[in-house]
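Here's the structure, in structure tokens; my notes come after.
First the proteins, then the strands, lettered A, B, ... as listed; each starts at 1. Only heavy atoms go into these numbers, but all of them, side chains included; no hydrogens, no water, no symmetry mates.
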Amino acid sequence: MLRLHDTATGEVALLRFRDPGRVSIYVCGLTVDGQAHLGHGRMALVFDVLRRYLLFTGLDVNYVSNITDIEDKIIDGAAAAGVPIDQFTAANEARWWELIDTLGVLRPDETPHATAYVDRMVALVSDLMARGVAYETADGVYLSVLDVPGYGLLAHQPLDSLRTGARVEADEDKRSPLDFVLWKKAKPGEPTWESPWGPGRPGWHTECVVMSLDLLGDGFDLHGGGLDLIFPHHENERAQAVADGREFARHWMHNGWVTVEGEKMSKSVGNFTTLDDLLDRSDARSYRLLVLRSHYRRPIEVTPDTVRDAEAGLARLDELGRRFGLGDLLTSGPVVDPGPADAEIDAEAVTRFRDRMDDDLDTPGALGSVFDLVRQANGAADAGDQAGANRKAQTAALLCAALGLPLRAGSGDEEDPAVQAKVLERDEARAAGDWARADALRAELEDAGWLVEDGPEGTRIRRQ
RNA sequence: GGCGGCGUGGCCGAGUGGUUUAGGCAGGGGCCUGCAAAGCCCCGUACGGCGGUUCGAUUCCGCCCGCCGCCUCCA
């Protein structure tokens, strides 16, 4: 049973499901206002690993993650690019899904878009007005947060602190500086929707309330996102749901930053690396491995050094795939724990893995158990215990797949006839004891990007 | 100012009141190899500082130092 840190309580607690055997998850996705960076990638990977692990343990998972396609920066971005807003957001979103696919992240079961839910957002705001917890001002409609029981649950800040910290906005009509906008009245040049308060557009926090409750229902199991969404975004989502008499998320999970030289990566600081940049120069699986190597709540440093380190670890895993011909276990789809009945799998190792994962998704510890298997498999094979070795190797591959990290048995182009000819020629040279010729052929292959390895079965090559 | 997190061996990074070790990368030695590569074995005996609790603390408590984050729209 999975124990997870809950942002609301600050404690690690058993994740309890509303419906037995089924998990409903809502993760705040991307605002499609530009290029996604490493932080967005980490978020996607962290929740992908959670989702895959729940599937691995045999649960049904309903995973919803939204796209925010109307927002201030989107309006500005489209204007700056000189293109219509829908074209701007569509292009950014399309690129995001390509990146998601490259990262091996499973697509959500549902991907609601804010602009498709404006009617229901208007309905929610109207309801909050009717309940007397929201009020209209000259420039919009606001939620009166001091009327919401438990406001500050996620922020873990005294209300006074939030109040004194609140930035003073132009609108002095707000009853409390903490109150936040549910509906923004139209400004010139902005896209608008009709509402009882005149044309305008929804505030940011409202969309996720409406979409999560619509698609997952009251009291859904888990709500997640990046650490920076805790306050105000998630606090304000919860406030609206509670004020509307709805039961909101039962559990809150947030992932930590990607940092650059110790500082949070963010667009405002300008210290971000885009996912495009990273994926251009490294195997996407190495970023997943890098993310898995540290706990999801800790910050991670992404530097050329840490990426290289992850790539070296990945190479060790792939080497296992090659050595044991695990080509049929290269799935990038979800896998399910086969249980102790499967003689090909080391059930005890799977248990060790699951113990680590159940402890608040201790992926570094889980990964340690996988590397233990790698060493055991290689060691057994070296000692001539092929059956035992295969079992360990298969188990390692299974657990890698469970983490969304498919092993590779090769690059696929080893069969190139010209390359194969050189490999054969080298085998002949070696058989004849012509070491000079063999070394020359190795140099040629290496120049072509191959790493040459001689084994009992002859020369083997792989991509460097 | 308020609230919170973190400081582990050359690097990354888990975990734990004490007997055998996380794991990965890098490094040294060995086995294997024509030489390599890959793999395996061995090695470095780490837990910011000062006190306290304890038979015993890296692990609990206090203080200090350092780094980081949040305090209204940033994953």
Side-chain angles (χ1 to χ4, degrees), chain A residues 10 27-31 33 36-47 68 71-73 145 152 155-158 160-167 169 177-181 203-205 224-233 235-236 254-259 262-269 272 289-290 293-295 297-301 303 305-306 308-317 319-320 322-323 356 359 362-372 374-375 377-383 430 433-435 438-439 442 446 451-456 459-462:
Chain A
V27 176
C28 282
L30 202 68
T31 299
D33 60 0
H37 62 60
L38 298 184
H40 303 109
R42 183 182 193 190
M43 175 272 293
L45 286 165
V46 162
F47 286 97
T68 296
E71 197 259 349
D72 291 0
K73 285 196 294 298
V145 303
H156 293 295
Q157 304 268 348
D160 283 350
S161 167
L162 296 175
R163 193 176 292 127
T164 57
R167 292 168 201 168
E169 295 183 17
L178 288 175
D179 292 350
F180 62 91
V181 68
W204 178 39
H205 312 306
L227 209 56
D228 46 0
L229 295 183
I230 295 173
F231 190 89
H233 186 50
E235 188 75 56
N236 287 346
H254 295 92
N255 64 277
W257 311 123
V258 172
T259 59
E263 293 203 345
K264 175 187 172 185
M265 175 175 288
S266 72
K267 291 184 182 178
S268 56
V269 180
F272 65 91
L289 188 59
L290 186 51
R293 284 195 330 179
S294 82
H295 186 84
R297 284 190 280 121
R298 302 283 302 263
I300 56 169
E301 274 287 330
T303 67
D305 278 351
T306 61
R308 202 174 307 124
D309 197 68
E311 283 175 329
L314 185 62
R316 180 165 162 77
L317 294 174
E319 175 58 25
L320 188 83
R322 266 189 298 277
R323 183 173 188 181
R356 293 323 321 143
D359 182 12
D362 175 15
T363 54
L367 221 40
S369 78
V370 172
F371 278 101
D372 279 339
V374 171
R375 182 168 35 76
N378 282 318
D382 284 355
R430 290 185 63 235
D434 184 353
W435 309 128
D439 289 346
R442 174 161 57 199
E446 283 175 351
L451 217 119
V452 180
E453 300 177 325
D454 301 324
T459 293
R460 197 179 56 161
I461 55 169
R462 64 185 170 98

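Between W257(A) and D228(A), the closest side-chain pair of non-hydrogen atoms falls below 4.5 Å. H156(A) places none of its side-chain heavy atoms less than 4.5 Å from the side chain of E235(A). At least one side-chain heavy atom of R442(A) sits less than 4.5 Å from a side-chain heavy atom of D454(A). Using a 4.5 Å cut-off on side-chain heavy atoms (C-beta onward), F371(A) and L317(A) make contact. Side-chain contact between L38(A) and I300(A): absent, with no pair of heavy atoms (C-beta onward) separated by less than 4.5 Å.
Separation of the C1' atoms belonging to G10(B) and C43(B) is 15 Å when rounded to the nearest angstrom. Atom name C1', nucleotides A75(B) and G13(B): the rounded distance is 22 Å, in whole Å. Taking atom C1' on both U21(B) and C64(B), the two are 34 Å apart, rounded to the nearest angstrom. The gap from the P atom of U54(B) to that of C67(B) amounts to 35 Å, rounded to the nearest Å. Atom name C1', nucleotides A38(B) and C74(B): the rounded distance is 45 Å, in whole Å. For the P atom pair drawn from C40(B) and C55(B), the interatomic distance equals 45 Å after rounding to whole Å. Taking the C1' atom of each, G62(B) and G27(B) are spaced 40 Å apart, rounded to whole Å. Taking atom P on both G7(B) and C12(B), the two are 12 Å apart, rounded to the nearest angstrom.
Using a 4.0 Å heavy-atom criterion, one finds that R42(A) contacts no nucleic acid atom at all. Using a 4.0 Å heavy-atom distance criterion, G226(A) is classed as a sugar-phosphate-only contact. As judged by a 4.0 angstrom heavy-atom cut-off over every strand, D72(A) is placed among residues making no nucleic acid contact. Residue V370(A) is out of contact with every strand shown, counting any heavy-atom pair closer than 4.0 Å. Contacts of E453(A) with the nucleic acid, taken as non-hydrogen atoms under 4.0 Å apart, include base atoms. Heavy atoms of G433(A) sit nowhere under 4.0 angstrom from any nucleic acid atom. Across all strands shown, E235(A) has no heavy atoms under 4.0 Å from either base or sugar-phosphate atoms. Among the protein residues, V258(A) comes within range of the nucleic acid bases, having at least one heavy atom under 4.0 Å from a base atom. Residue contacts shown for R297(A) are absent, as no nucleic acid heavy atom lies under 4.0 Å away. Nucleic acid contact for H295(A): sugar-phosphate only, since backbone atoms but no base atoms lie under 4.0 Å from a heavy atom of the residue.
Side-chain to base pairing of K264(A) with C74(B): one donor and one acceptor N or O lie within less than 3.5 Å of each other. Side-chain N/O atoms of E301(A) and base N/O atoms of C12(B) include no donor-acceptor pair closer than 3.5 Å. Judged by distance alone, with hydrogens and angles left aside, R442(A) brings a side-chain donor or acceptor within reach of the base of C35(B), the pair sitting under 3.5 Å. Side chain D362(A) to base G15(B): no donor-acceptor pair is found below 3.5 Å.
In this structure, CD of Q157(A) is placed 5 Å from C1' of C71(B), rounded to the nearest angstrom. We find that CD of E311(A) is positioned 13 Å from P of C25(B), with the value rounded to whole Å. In this structure, R460(A) atom CZ and A38(B) atom P are separated by 11 Å, rounded to whole Å. To the nearest angstrom, P of G39(B) lies 10 Å from CG of D382(A). With rounding to whole Å, I300(A) atom CD1 is found 11 Å from A75(B) atom C1'. Atom CE of M265(A) is separated from atom P of A75(B) by 13 Å (rounded to the nearest Å). Computed from coordinates, the L289(A) CG to C25(B) P distance equals 10 Å when rounded to whole Å. Taking atom CZ of residue R356(A) and atom P of nucleotide G23(B), one finds them 14 Å apart after rounding to whole Å.
Both H156(A) and D372(A) sit near RNA chain B, but only H156(A) has its closest nucleotide nearer the 5' end. Sequence order on RNA chain B of the closest nucleotides to D309(A) and A155(A) puts A155(A) first from the 5' end.
Put simply, N255(A) has no side-chain N or O that comes within less than 4.0 Å of OP1 or OP2 on A75(B). Between R298(A) and the phosphate of C68(B), there is no side-chain N or O to OP1/OP2 separation shorter than 4.0 Å. Between R323(A) and C40(B) there is no side-chain N or O to OP1 or OP2 distance below 4.0 Å.
At least one donor-acceptor pair closer than 3.5 Å links the side chain of R42(A) to the backbone N or O of G256(A). Side-chain N or O atoms of T303(A) include one that pairs as donor or acceptor with a backbone N or O of T306(A) at under 3.5 Å.
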Reading RNA chain B 5' to 3', what string of ( ), [ ], | and . shows its pairs, if Watson-Crick and G-U wobble pairs count only when both distances fall under 3.5 Å? (((((((..(((.....[....))).(((((.......)))))....(((((..]....))))))))))))....
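In this pair, F371(A) does not lay its aromatic ring on the base of G23(B); centres under 5.5 Å and planes under 30 degrees do not both hold.
Taking the six-membered ring where the residue is Trp, F180(A) and H205(A) present perpendicular rings, their angle passing 60° and hence far from 30°.
Salt bridge annotation for E319(A)-R322(A): present, with a cationic side-chain nitrogen under 4.0 angstrom from a carboxylate oxygen.
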